[in-house]
Amino acid sequence: TTTTTATPTAAATAMTTAVVARPFLAVLGLAGVITLAMLHRLFVKQIVRLGASASGRGALRMEPTLQAVGFTALAAVPAWLGLWILSQLLTGFSAATSINAAIGAAVGTVAAMILPLEFLRQLIQPHGIAAAHFGWPAAIITPLRQAVRRATFFGVPLVFLWRLVDFESGTLEALTATARLAFILLMVVMTVILARLAHPRHGIALALTSGMIGGKAARLAWVWRPLVVAMPVALAGLMAYGYSYSATQLSICFHRSIWLVIFAVMLHALAVRWLVVSRKRIMLEELRQRAAAREQAEAGGAGMEVVDVNRLDVSAISQQTRRLIDAALFVGVLLGLWWIWSPVLPALGFLERVTLWEQRAPDGTVSGVVTLANLLVAVPIIALTFIAVRNAPGLLEAALLRHLPLDTAARYAITSLASYLLAGVGLVLTAGILGLSWSSVQWLVAGLSVGLGFGLQEIVANFICGIILLFEQ
C-alpha cells in the first residue's frame with residue numbers, strides 16, 4: 001500500500017524535475033500538442049473538402065489526395081506527441097530501475113502503438129481518404145473501424161500494463177507471473193480482433209472473396225487468414241510455457257509485420273489512385289485531340305473519318321502499370337518481412353550458412369561465397385526484372401511520355417530502349433548477387449561470340465541496326 005500511494009507522488013516529482021531540467025522540450029511539446037489539438041477540427045474540414053473534390057475537378061489531379069494524406073497525418077499526431085514527450089520526461093531524469101522509468105518505458109511503447117492506430121483510424125473515417133479517394137467499400141472499412149476501436153480500448157491498456165509489469169519484474173520476481181498473464185490476455189485480445197477481422201462472412205475476407213477489392217489477396221486467403229489468427233495463439237503458448245524472451249521478440253516482429261502490410265496496402269491504394277487519375281487525364285486529352293482533328297477535317301472539307309496514328313491504348317497502359325505496381329509492392333513486402341524476421345528465426349539465418357559455391361581471386365584464394373540466401377534474393381530480382389521489362393512501357397506512358405510532344409515512333413523508341421536498359425540493370429544486379437564477375441564468364445562470352453559470328457550474324461546485325469534506329473528516333 002505504501003508503494004502504491006507513493007508512486008503518483010514519485011512520478012509527479014520526477015515530472016517536475018524533468019520539466020525544470022528541460023523546460024524548452026516541455027514548453028515546446030506542450031505548445032505543439034495544444035496547437036495540433038486546437039487545429040484538429042480544421043484538419044478534418046480540410047479532409048472532408050478534399051474528399052468532395054476528389055470526385056469533381058480534383059478527380060483529374062493527384063494533389064488533393066496527397067494533401068489529404070498530409071492532413072490525416074497531422075490529425076493523428078497530437079496523441080502520439082503528448083505520450084512521447086511524457087515518456088521522454090519520465091525516462092530522462094529517473095533511475096534506470098525506478099518505477100518512473102518503468103512508467104516512462106511503458107508510455108513510450110503505448111505511443112509507438114498509438115501513432116499508426118490513430119493514423120489508420122483517421123484514414124477509415126466516413127469522410128476519410130479510404131472512402132473518398134481510394135474507393136474502399138463499406139465491407140472493408142466497417143470491419144477495420146471495429147478492429148481499430150477494439151485495439152485502442154482493449155489492446156493499448158493491456159500493452160501498457162504488460163510493459164509496466166514486465167519492466168518491474170526485473171527487480172521483483174513476484175511480478176513475473178503477472179507480466180506473463182498480461183501478455184497472454186493481450187494475445188487473447190489480438191486473436192479475437194484478428195479472427196473477427198479475417199472472418200469469411202463478417203470481416204474483410206468477405207469483400208476480398210466477393211471481388212470488391214484485392215482479387216489476389218482473396219486467392220491467398222487460405223494462407224494468410226489462419227496464419228494471422230494462429231500467430232497470437234502461438235505467442236500466448238510460448239509465454240505460458242515460460243519462453244518470455246522469445247515470445248516478446250516474436251510479438252514485436254509480428255506487430256511490425258502487420259503494419260508493414262498495412263503500409264504496403266496504403267501505398268498500393270495511392271498508386272492505384274494515381275493510375276486512375278492518369279488514365280482519366282489521358283482519355284480526356286485523347287478526346288480533345290480527336291475532337292480538334294475532327295473539327296479541322298470538317299473545316300477543310302474532308303468527309304472521311306480522321307484516323308489518329310498517335311492514339312494511345314489506355315487500357316493496355318493501365319494493365320501494364322498495374323502489374324508493375326503489384327509486382328514491386330509484393331517483392332517489397334517479401335523483402336521487408338525477411339528483414340523483420342531474419343534476426344529472430346534460426347531457419348532464415350541458416351540460409352546464410354548454406355554455401356552454394358565460392359568466389360575465387362585470380363591467385364586461387366577464396367574471395368567470397370554465394371549462399372542460399374543470395375539465391376533467394378536473386379530470384380525475386382529476376383522476376384521483378386522480367387515484369388518490369390514487360391510492363392515498363394505502360395508506366396512510362398502514364399507518368400512521363402504523355403506530357404511530352406512526341407509521336408508514336410518516338411514513344412516506341414523510348415519505351416524499347418528503357419526495356420533494354422531495365423533488362424541490363426537486372427542482369428547486372430543478379431550477376432553481382434550470385435557472384436558472377438566478368439573473369440568467371442569471359443570464356444563463355446568468347447565462345448558465344450564465335451558462335452554468333454558464324455551462325456546468327458544476320459540476326460545480331462539486324463538487332464544492332466534496330467538499336468541504332470531507335471536512338472535515331
Side-chain angles (χ1 to χ4, degrees), residues 80 84 87 105-120 144 147-148 150-152 154-156 158-167 169-170 179-195 197-198 217 220-221 223-268 329-354 371-373 376-377 380:
W80 165 81
W84 180 80
S87 172
V107 171
T109 304
V110 169
M113 287 192 61
I114 282 293
L115 181 60
L117 275 175
E118 183 63 18
F119 182 80
L120 183 59
L144 279 176
V148 170
R150 295 188 183 104
T152 303
F154 298 103
V156 171
L158 283 175
V159 168
F160 176 80
L161 177 63
W162 165 55
R163 294 303 295 168
L164 177 62
V165 179
D166 182 65
F167 188 91
S169 64
R180 292 180 180 179
L181 179 60
F183 182 87
I184 293 173
L185 289 176
L186 175 62
M187 291 300 106
V188 170
V189 171
M190 287 293 298
T191 302
V192 174
I193 293 174
L194 293 175
L197 187 62
L220 297 175
V223 176
W224 59 262
R225 191 165 57 202
L227 185 61
V228 298
V229 176
M231 189 64 183
V233 177
L235 294 175
L238 283 176
M239 182 63 74
Y241 276 97
Y243 297 98
S244 302
Y245 179 78
S246 298
T248 300
Q249 297 302 315
L250 291 175
S251 65
I252 294 174
C253 293
F254 183 57
H255 176 261
R256 292 174 179 174
S257 300
I258 291 176
W259 287 111
L260 172 66
V261 173
I262 293 175
F263 180 71
V265 169
M266 181 181 172
L267 284 182
H268 183 269
L329 285 177
F330 180 73
V331 173
V333 169
L334 288 181
L335 294 178
L337 292 175
W338 176 288
W339 178 76
I340 290 172
W341 288 94
S342 58
V344 296
L345 292 184
L348 296 181
F350 174 73
L351 299 175
E352 295 285 350
R353 298 189 293 270
V354 178
T371 64
L372 185 58
L376 293 181
V377 172

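- Pairing each heavy atom of Leu194 with each of Pro232, the nearest pair is CD1-CG, 3.9 Å.
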Atom pairs and distances, donor-acceptor, side-chain atoms in residues 106-114, under 3.5 Å, two or more places apart:
{"from": "Thr109", "atom 1": "OG1", "to": "Ala105", "atom 2": "O", "distance (Å)": "3.1"}

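- Put simply, CD1 on Ile340 and OG on Ser257 are 4.5 Å apart, with the number rounded to the nearest 0.5 Å.
- With a 4.5 Å cut-off on side-chain heavy atoms, Leu120 and Trp259 count as touching.
- In this structure, Phe330 CZ and His268 NE2 are separated by 12.5 Å, a value rounded to the nearest 0.5 Å.
- Atom-to-atom distance recorded for Met239:CE and Leu181:CG is 11.0 Å, nearest 0.5 angstrom.
- Taking each heavy atom of Leu186 and Gly155 in turn, the nearest pair found is CD1-O, 3.6 Å.
- Other residues, nucleotides and ligands contribute at most 12 non-hydrogen atoms within 6.0 Å of the CZ atom of Phe154.
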Run the side-chain contact (heavy atoms from CB on, under 4.5 Å) test on His255 and Val159 for me, step by step, so that the C-alpha distance in whole Å, both residues' side-chain angles and the decisive distance to 0.1 Å come before the verdict. CA-CA 12 Å; His255 176 261; Val159 168; over 6 Å; no
Under the side-chain contact (heavy atoms from CB on, under 4.5 Å) rule, what do Val156 and Phe160 come out as? Steps first, then yes or no, please. CA-CA 6 Å; Val156 171; Phe160 176 80; 5.8 Å; no
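- When every heavy atom of Ala264 is checked against every heavy atom of Val333, the shortest pair comes out as CB-CG2, 3.4 Å.
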Residues Arg163, Phe183; criterion side-chain contact (heavy atoms from CB on, under 4.5 Å); working and verdict: CA-CA 9 Å; Arg163 294 303 295 168; Phe183 182 87; over 6 Å; no
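- If you take CG on Leu161 and CG on Asp166, they are separated by 10.5 Å, rounding to the nearest 0.5 Å.
- With rounding to the nearest 0.5 Å, the separation of CE in Met190 from CG in Leu235 is 9.5 Å.
- Remark: Arg150 CZ is packed, more than 12 non-hydrogen atoms of other residues, nucleotides or ligands lying under 6.0 Å away.
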Please table the atom pairs, donor to acceptor, closer than 3.5 Å between any side-chain atom in residues 247-254 and protein atoms at least two apart or in another chain.
{"from": "Thr248", "atom 1": "OG1", "to": "Ser244", "atom 2": "O", "distance (Å)": "2.8"}
{"from": "Ser251", "atom 1": "OG", "to": "Ala247", "atom 2": "O", "distance (Å)": "3.2"}
{"from": "Ser251", "atom 1": "OG", "to": "Thr248", "atom 2": "O", "distance (Å)": "2.6"}

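- Classified by interplanar angle (parallel below 30°, tilted 30° to 60°, perpendicular above 60°), the ring pair Trp84/Trp80 is parallel.
- Residue Leu329 holds its CG atom at 9.5 Å from CZ of Phe263, rounded to the nearest 0.5 Å.
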